Structures are given as C-alpha cells and as structure tokens.
Number of protein chains: 4
Amino acid sequence: MPKQTFFNLPEEKREKLIDVATDEFAKNSFNSASITKIVEKAGIAKGSLYQYFEDKKDLYKYILELSANKKKEYLIEWMNRLQHLSFIEMIRELYVKGVAFAADNPRLAGIANNFMKENDTKFKEEILGISIEKSNQLFEQLIENAKNKGEVSRNIDTKVAAFLVTNLNTSIVDYMLTYMTYEEIFQNKEELLDKVDKMLFIMENGFKAK
Amino acid sequence: MPKQTFFNLPEEKREKLIDVATDEFAKNSFNSASITKIVEKAGIAKGSLYQYFEDKKDLYKYILELSANKKKEYLIEWMNRLQHLSFIEMIRELYVKGVAFAADNPRLAGIANNFMKENDTKFKEEILGISIEKSNQLFEQLIENAKNKGEVSRNIDTKVAAFLVTNLNTSIVDYMLTYMTYEEIFQNKEELLDKVDKMLFIMENGFKAK
Amino acid sequence: MPKQTFFNLPEEKREKLIDVATDEFAKNSFNSASITKIVEKAGIAKGSLYQYFEDKKDLYKYILELSANKKKEYLIEWMNRLQHLSFIEMIRELYVKGVAFAADNPRLAGIANNFMKENDTKFKEEILGISIEKSNQLFEQLIENAKNKGEVSRNIDTKVAAFLVTNLNTSIVDYMLTYMTYEEIFQNKEELLDKVDKMLFIMENGFKAK
Amino acid sequence: MPKQTFFNLPEEKREKLIDVATDEFAKNSFNSASITKIVEKAGIAKGSLYQYFEDKKDLYKYILELSANKKKEYLIEWMNRLQHLSFIEMIRELYVKGVAFAADNPRLAGIANNFMKENDTKFKEEILGISIEKSNQLFEQLIENAKNKGEVSRNIDTKVAAFLVTNLNTSIVDYMLTYMTYEEIFQNKEELLDKVDKMLFIMENGFKAK
DNA sequence: GATGAATGAGCCTTCATTCAT
DNA sequence: CATGAATGAAGGCTCATTCAT
C-alpha cells in the first residue's frame with residue numbers, strides 16, 4: 001500500500017525503484033536489507049522514498065505483493081484447472097509452475113523465499129494480512145476433495161499431507177535459489193523439472209518396495 | 001573455539017552467558033543478533049566478551065556447536081542402530097528424536113534452525129567446516145543400502161529421495177519452532193510425535209489410493 | 001572525492017569541518033586522528049560526516065589534497081620559471097616557497113608532513129595515486145638537465161643528489177613544524193629564509209675548505 | 001626504567017618479551033603499537049607486563065634505549081676516533097656505521113626511526129630525558145673544530161651544516177627502512193654503502209660544476 | 001512533490017590499565 | 001610474584017527515519 005505519490009511517478013522512475021528494491025529484498029532478509037542502498041541504487045532521494053511509502057515495512061509489503069502477483073500469473077492456469085486435474089497432476093503442475101517461476105524470475109522468487117524464512121511470526125502475519133493458519137487451508141481442502149474422489153488414500157492424514165505438500169514446494173525453490181546461481185538455474189531448467197517429476201513419483205507411490 | 005579464558009570463568013557466569021547468547025541466536029539470524037544485547041543481558045562488560053571469544057562468529061560457532069552436541073546425544077542411539085533398522089524405522093526414529101530434541105530444547109533447536117535459513121552459502125560452509133554437498137551424502141548412502149536390501153523401491157531416485165527426507169526433517173522442526181510457542185510445543189509433544197508417524201505413513205505408502 | 005552532499009553544505013559549515021579536520025590531521029597521524037573528535041569539534045553528528053565522505057580515508061585524501069593545492073599556488077611561479085633558472089636558483093626558490101608556505105599555513109604543511117611520515121607504503125601509494133618511485137623522478141630530470149648545461153658537476157650521482165634535495169626540503173619543513181610553535185615560525189620567517197640560503201650555499205659549494 | 005621484577009625474570013622470558021616488543025614498536029608508532037598484541041605474542045599475562053613496567057611509555061622507553069645502546073656499540077669506534085679523523089671521514093664513518101647498523105638490525109633501527117617521526121615534542125623530550133636542542137649540539141661542536149683545523153670552509157653556517165648532517169643521516173636510514181624490505185636491505189648492503197659515499201662526495205664538494 | 005542534510009542510537013571491535021585472587 | 005578477568009571509553013561506521021527547504 002504505497003502512497004498515491006508513488007503511482008504518480010513517471011513509470012521509468014517507479015520501475016527503477018521497484019527493480020532495485022526487489023534486488024535488495026531478494027538478497028537480504030528484511031532486517032539486513034538496507035533502505036540506504038536502495039535509494040542510492042535507485043538514484044532517488046531518501047526523503048522521497050518516505051513520500052511514496054510509509055516506512056521500510058510498507059515498501060517490503062509492496063514488493064512482496066508484486067512478487068506474489070507475478071507468481072499468480074504462473075499459477076492462474078493451475079487454479080483454473082483445479083477441478084479437472086487428478087490430485088497428483090495438480091500437485092505436479094503446482095510444483096512445475098513454481099519451479100518455472102523461480103527459474104524465470106529468481107529475484108522475485110527469492111523475495112518470497114526470504115519472507116518464508118523470517119522468524120517473527122507476528123511480523124509475517126502482519127505482512128500477509130491473514131493468519132498463517134488460514135493460508136494453509138487451501139491444500140487441506142484439495143486433499144479432502146481428492147480423498148472423496150478416491151484419488152488419494154483415506155489412510156493418510158489430511159493436515160499432515162497438506163503440510164508435506166506445502167513444505168516440499170518451498171524446499172525445492174529454496175534449494176534452487178540458495179545453492180544454485182541464477183545462471184545454473186537458467187541452464188538446468190529441464191533437469192529441475194525432471195527432478196520434480198521424480199519427487200512426485202515418490203510422493204505418489206511412497207518409498208516402499210512392493 | 002572460545003579462548004581459554006572462557007573456560008576459566010566461574011560456571012555460573014559461563015552458563016549465564018551461554019544461556020543469553022543461545023537466546024539471542026535462537027531468536028535472530030546471525031546478522032540481526034546483537035552482541036550489545038547479549039552482554040547487557042549477561043551483565044558483563046562488552047570488552048569481556050572479547051576476552052572469551054575471538055569475535056561474534058566465534059561465539060556463534062560455539063553456541064551452534066553446543067546445540068549440535070546436545071542434539072547428537074539424542075541421535076546417538078539412532079546412529080548406533082542404523083544397521084539393524086529398516087529404512088522407514090530409521091527415518092521415523094530420526095524424525096522422532098529430532099522432534100523430541102526440539103520439544104525439549106526449543107532454543108537450541110532454534111539456533112540450528114536459524115542457521116539453516118542463512119542465505120550466505122560461504123558463511124554456512126565456513127561455519128560448518130565442510131561443504132553443504134558433503135553433509136547431504138549420508139542419506140543418499142542410507143537410501144542406496146535400503147534399495148539393496150529391497151526395503152526401498154528401485155524406482156525412486158536416490159538423490160531426490162534424500163533431499164525429500166532431509167528437507168522434511170527440517171521443515172517439521174521449523175514449523176514447531178516458528179508457529180508454536182515453547183509452551184505449546186511442550187504440552188503437545190505426544191501429538192507432534194503422532195504427526196510424525198502420520199507423515200511417515202505417507203512417505204512410506206504414497207498419496208495414491210490403492 | 002567527497003560526496004556531492006558535502007559541496008551542497010552551507011559554506012560556513014563546510015569551512016568549519018575542513019578547518020577542524022585539517023587541525024586533527026595536522027596534529028595526528030592518519031591512524032591516531034579521530035573521527036569522533038572531528039565531528040565533536042565541528043559540531044556535527046557522526047552520521048553526517050559519512051554523508052559527506054565515503055570514509056576516514058576519503059576525508060583524509062580530501063584534506064591532504066586541499067593542502068597540496070594550496071601549496072601548488074606557492075609553487076606555481078617556481079614551476080613556470082623552471083627553464084629560466086639556474087639549478088641552484090631553482091632549488092633555492094623551491095625551498096623558499098616551501099618554507100614560506102609552511103610559515104603561512106603551518107597546519108596545511110603539517111598535514112603533508114605527517115603524510116610523509118606514514119610507514120605504510122601501500123597506504124601512501126594508494127593515497128597518492130601514483131608510486132613513490134615515480135613521484136621522485138622530477139628532480140632526477142632537473143639534475144640531469146643541469147648537468148647538461150654545465151651548472152652541476154658531472155661527478156655527482158644524479159639519483160643520490162635527487163634524494164638529497166628532496167629530503168632536505170622535507171627536513172626543513174619538518175623541523176619548523178615539529179620544533180617551533182606556529183607563533184615562532186610566524187615571527188621568524190625572515191630568519192628561516194636566511195637559513196635556507198645558508199643551506200643552499202653549503203649544497204652548492206660543499207663543506208670543504210678551498 | 002623497568003621495575004626490578006623485570007630483571008628477576010628468567011632470561012628466556014625477558015628476551016622473548018624484548019623481542020616481541022621490539023617488533024611491535026618497529027612496525028608501529030607509539031600510539032598504534034598494541035600492548036595487547038605484545039603480551040599475546042610474548043605469551044605472558046597482561047598484568048605481568050604492568051608488574052615489569054610502569055606503563056606503555058615505560059616499556060617504550062626501555063626498548064628505545066636498548067636500541068640506542070645497540071647502536072652505540074656500532075658508533076663507539078667512531079666516537080673513539082673523532083679526534084683523529086678529518087671531518088668528512090668522520091661523517092662518512094658515522095653514516096656508514098649508521099647504515100650498517102640498520103642493515104644488520106632493521107628492527108632496532110626501525111624503532112629509533114619511528115621515534116623520530118613522533119609529532120608530540122613534549123613526548124619526545126620526556127622520552128629522551130633531554131631537550132632535542134641539546135642533543136643536536138655535538139655536531140655543531142664537531143663542525144666548529146673542523147673549521148678551526150681548516151678542513152671545513154669558514155663560509156658555511158655551523159648550525160645549518162649540523163642540521164644538514166643530522167637530517168641526512170636520518171633520511172638515509174628512513175629511506176632504507178620504509179621503502180626496502182629487510183631482505184632487500186640485507187642483500188644490497190654494499191650498494192647502500194656506495195650511495196653513502198656518493199652522497200658524501202656531494203656534501204664535500206657541492207653541486208656546482210667547477 | 002522532491003530533496004537530502006541531519007540525526008543519534010546502534011553496530012562490532014580494540015584499547016591500556018587495574019586489581020582481586 | 002603471576003595471573004587474567006574486568007572494565008568502559010573509544011575506535012570507525014551504518015541505520016531507518018524526519019523535516020526544513
């Protein structure tokens with residue numbers, strides 16, 4: 001929720017600021033990110049930033065939201081087809097889109113990633129606007145549906161399964177961003193997608209030999 | 001590797017400092033943790049801390065190591081029985097011990113947890129003393145063995161499976177520490193262990209209904 | 001190379017800061033000079049100084065450069081007449097201007113003087129921007145020319161003579177600044193210039209009785 | 001003037017401390033030299049040092065004096081023959097011994113050298129025990145004598161000549177220690193002595209072509 | 001609306017010296 | 001006599017935020 005002044009800015013200036021802030025928050029935690037560096041790189045006055053945004057947190061929220069919106073574009077197709085896909089197909093597509101997003105927009109993905117790592121729960125809920133609890137409920141619903149359709153075993157615990165699905169999603173992207181350079185990610189996109197398939201195979205069938 | 005002076009300290013003082021530092025590093029990332037706050041809470045002069053430790057990193061390493069050692073005590077039994085357990089039993093025990101450790105020592109677990117979240121790979125490898133790559137190899141070996149014994153399906157990819165196992169382990173503890181109060185953790189230990197079992201059931205058998 | 005912010009400062013404030021910093025660097029080596037004392041005496045916030053200058057070294061470079069520029073004004077006439085003067089006249093004028101500069105601007109001269117005393121060669125070359133070696137070559141050239149014109153004996157070693165000329169120049173000013181109060185320097189300017197002449201007489205004719 | 005306790009020390013310990021302190025004061029100005037580093041390298045308790053010496057200054061005085069005494073050994077021969085040498089021979093020998101001393105004991109020479117560079121006149125006189133003025137008088141006397149013997153021209157100014165002689169002496173050694181590594185000094189001793197001769201030739205005969 | 005200077009608390013670290021044991 | 005823990009001021013530097021212009 002930037003102030004109106006921000007949207008009155010010439011597009012070039014606005015984009016530059018967004019770009020620079022994205023970079024900073026992709027590389028640093030909220031605390032470590034430096035407003036000073038952002039305004040320096042963006043070539044704007046420090047005071048100006050405080051005319052566009054309430055404070056550091058406000059800027060952060062905005063950048064995080066942009067990243068989330070960009071990701072939604074990747075997921076929109078997935079969401080539209082939720083009904084028509086089998087559960088595993090759904091998850092596969094979710095992961096695939098997630099990895100593709102991170103591969104194509106490593107900085108945007110990095111922001112969300114760093115956000116997930118923040119320790120301060122109050123801070124996170126304040127930023128999210130809703131409780132973490134709530135944000136996890138989508139998957140529980142999807143799993144319940146899949147159980148009803150007979151696609152997912154009734155023997156597994158829904159909440160636990162939802163937790164597992166969400167965390168693996170996060171872990172994959174985290175791995176990419178933390179241990180691979182942007183270049184490596186870019187060059188190995190196919191390979192990464194292949195690994196996603198292998199992971200889903202495990203999730204679908206389990207470890208156990210039959 | 002604190003200086004000798006640290007070990008010459010009266011136990012009470014030493015414990016107080018460890019306690020306070022543990023607290024700070026459990027609640028903050030390395031960068032955000034404050035030496036100033038630590039010495040203030042410990043009631044010692046700032047200069048004194050530098051008589052005990054080389055620098056902030058040295059203190060951090062020590063506290064992290066203490067946490068690791070404490071955790072090793074929980075895992076020692078697991079390690080001794082590695083040969084005699086089936087793969088799923090092994091993983092279950094690993095997770096169970098991990099959760100138990102975090103439930104009994106939430107702050108110590110929090111330190112390791114925060115360490116995992118650090119973005120700076122060089123920093124992490126410097127602290128660890130070995131490469132991240134290397135530290136992940138144990139599980140790959142365990143999975144290979146399990147495949148050979150016929151416990152784990154040959155159809156699954158070893159590296160991916162190892163990644164999955166490690167990350168879930170981390171995620172569980174992270175979840176506990178981030179979204180539950182110490183009190184909640186303590187009161188729901190049984191319930192948490194039950195969830196571990198449910199997760200392992202999924203990992204063993206997969207999502208798919210049969 | 002101060003930041004633009006420094007030049008945007010009201011002249012009074014800027015001059016005050018320059019004055020105070022000049023004082024500190026005239027009285028102390030680079031290491032011993034204190035940023036804290038400078039800002040206190042200048043009556044500005046510590047953070048402000050870092051809005052004007054990159055760091056201590058940046059401030060130092062600037063102050064040193066100011067001193068050098070001021071000295072250049074004294075030497076500009078000398079440099080313009082290099083061709084038309086005999087060697088000894090050249091040296092005399094150099095020394096005379098140097099002494100006059102130090103007498104009129106003891107603090108500015110003191111800064112350059114302290115710089116010469118720094119032990120760390122790398123530091124000095126970094127500040128100078130060129131190698132020490134190079135900065136000494138002017139005199140060697142002048143002496144060679146003088147030899148060719150028959151003004152200076154071919155029997156003397158050029159490099160050694162250049163060393164001698166440079167070091168005496170430095171020594172004289174050093175002596176003034178170290179062992180005389182600013183007041184004494186000011187009151188004895190004539191006397192000092194007379195000593196310069198006496199020294200040049202020795203350098204011209206040597207110690208030896210004929 | 002160390003305390004008696006210092007002399008009661010086992011020789012090995014005493015020598016180690018001297019050695020380490022020598023090193024520190026050879027590499028740093030009085031201010032920059034670190035007591036902490038000295039005791040660490042010497043392997044003694046910090047408190048101990050303050051039982052041997054009054055304070056940092058006291059230690060410094062002692063180390064400086066040791067260096068002076070060592071140098072006196074080099075100069076003793078020179079002093080004994082003062083009467084029998086011509087003026088230029090005297091100076092030559094003084095310089096030669098000085099260079100030889102610095103070549104053989106660069107650290108000891110470095111201490112004296114750093115001392116000369118100190119800005120605080122009061123500090124220097126306090127350390128020296130006598131006024132700088134006084135310490136320069138020897139040469140004036142020697143020059144006067146040389147004039148009387150007809151070796152040195154009556155046309156030169158005694159005080160100025162004395163200043164010149166002393167400062168060149170210092171400058172040569174300073175040059176060696178600042179711009180040459182210990183190894184280079186050691187390997188080029190002959191060459192350095194040759195330069196001394198060349199410088200004395202200039203001082204004897206002057207620049208002027210005849 | 002834009003500016004950017006000013007702020008002062010905070011950062012980690014080093015210092016010479018003291019003094020209880 | 002030796003120890004080394006304790007001290008707290010000082011070191012250079014960065015921070016997010018404010019506010020007069």
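Both backbone and side-chain heavy atoms feed into the values below; hydrogens, waters and symmetry mates do not. Letters A, B, ... are given to chains in the order of the sequence lines, protein chains preceding strands, and every chain is numbered from 1. It should be emphasised that the depicted structure is a prediction, and the values quoted were computed from it without experimental measurement.
We find that CD1 of C:Ile44 is positioned 8 Å from P of E:dT7, with the value rounded to whole Å. To the nearest angstrom, P of F:dG4 lies 9 Å from CD of B:Gln4. Note: NZ (A:Lys3) to P (E:dA2) measures 11 Å, nearest angstrom. Rounding to whole angstrom units, CD of residue B:Glu40 and P of E:dC11 are separated by 8 Å.
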Reading 5' to 3' through nucleotides 14-21 of chain F, protein heavy-atom contacts under 4.0 Å coded B for base, S for sugar-phosphate only, - for none: BSBBBB--
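A search for side-chain contact (heavy atoms from CB on, under 4.5 Å) contacts involving A:Lys70 returns A:Glu73, A:Phe101, A:Asn105, A:Leu108, not counting sequence neighbours. Taking the side-chain contact (heavy atoms from CB on, under 4.5 Å) definition, one finds that C:Ser29 meets it with C:Asn31, C:Ser32, C:Glu118, sequence neighbours left out. Remark: D:Glu65 pairs with D:Asn69 by the side-chain contact (heavy atoms from CB on, under 4.5 Å) rule, at least two apart or across chains. For the ring-ring contact (aromatic ring centres under 6.0 Å, His included) test, residues two or more places apart in sequence or in another chain that qualify with B:Phe30 are B:Tyr60, B:Phe123. Residues satisfying the salt bridge (Lys or Arg N to Asp or Glu O under 4.0 Å) test with B:Lys117, not counting sequence neighbours, are B:Asp174. Residues passing the salt bridge (Lys or Arg N to Asp or Glu O under 4.0 Å) test with C:Lys37: none are found, sequence neighbours excluded. With sequence neighbours excluded, the residues forming a side-chain contact (heavy atoms from CB on, under 4.5 Å) with A:Lys46 are A:Thr36, A:Val39, listed by chain and number. Partners of B:Lys57 by salt bridge (Lys or Arg N to Asp or Glu O under 4.0 Å), not counting sequence neighbours, listed by chain and number: B:Glu126.
Residue contacts for B:Leu9: at a heavy-atom cut-off of 4.0 Å it reaches the sugar-phosphate backbone alone, with no base atom in range. Counting any heavy atom pair closer than 4.0 Å across all strands shown, C:Asn8 reaches sugar-phosphate atoms only and no base atom. Nucleic acid contact for D:Tyr52: sugar-phosphate only, since backbone atoms but no base atoms lie under 4.0 Å from a heavy atom of the residue. Heavy atoms of D:Leu49 sit nowhere under 4.0 angstrom from any nucleic acid atom.
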Secondary structure of DNA chain F in dot-bracket form (Watson-Crick or G-U wobble, distances below 3.5 Å, | marking inter-strand pairs): .||||||||||||||||||||
Just list the side-chain donor-acceptor pairs under 3.5 Å for residues 6-20 of chain D, sequence neighbours left out, or say none.
residue: D:Asn8; atom: OD1; partner: D:Gln4; partner atom: NE2; Å: 3.1
residue: D:Arg14; atom: NH1; partner: D:Phe7; partner atom: O; Å: 3.4
residue: D:Arg14; atom: NH1; partner: D:Leu9; partner atom: O; Å: 3.0
residue: D:Asp19; atom: OD1; partner: D:Arg107; partner atom: NH1; Å: 3.2
residue: D:Asp19; atom: OD1; partner: D:Arg107; partner atom: NH2; Å: 2.9

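Checked by atom type, the side-chain pair B:Asn114/B:Asn28 shows no donor-acceptor distance below 3.5 Å.
Applying a 4.0 Å cut-off to non-hydrogen atoms, none of the residues of residues 16-27 of chain D approaches DNA chain E.
When the shell of 6.0 Å around NZ of A:Lys61 is examined, it contains more than 12 heavy atoms from other residues, nucleotides or ligands.
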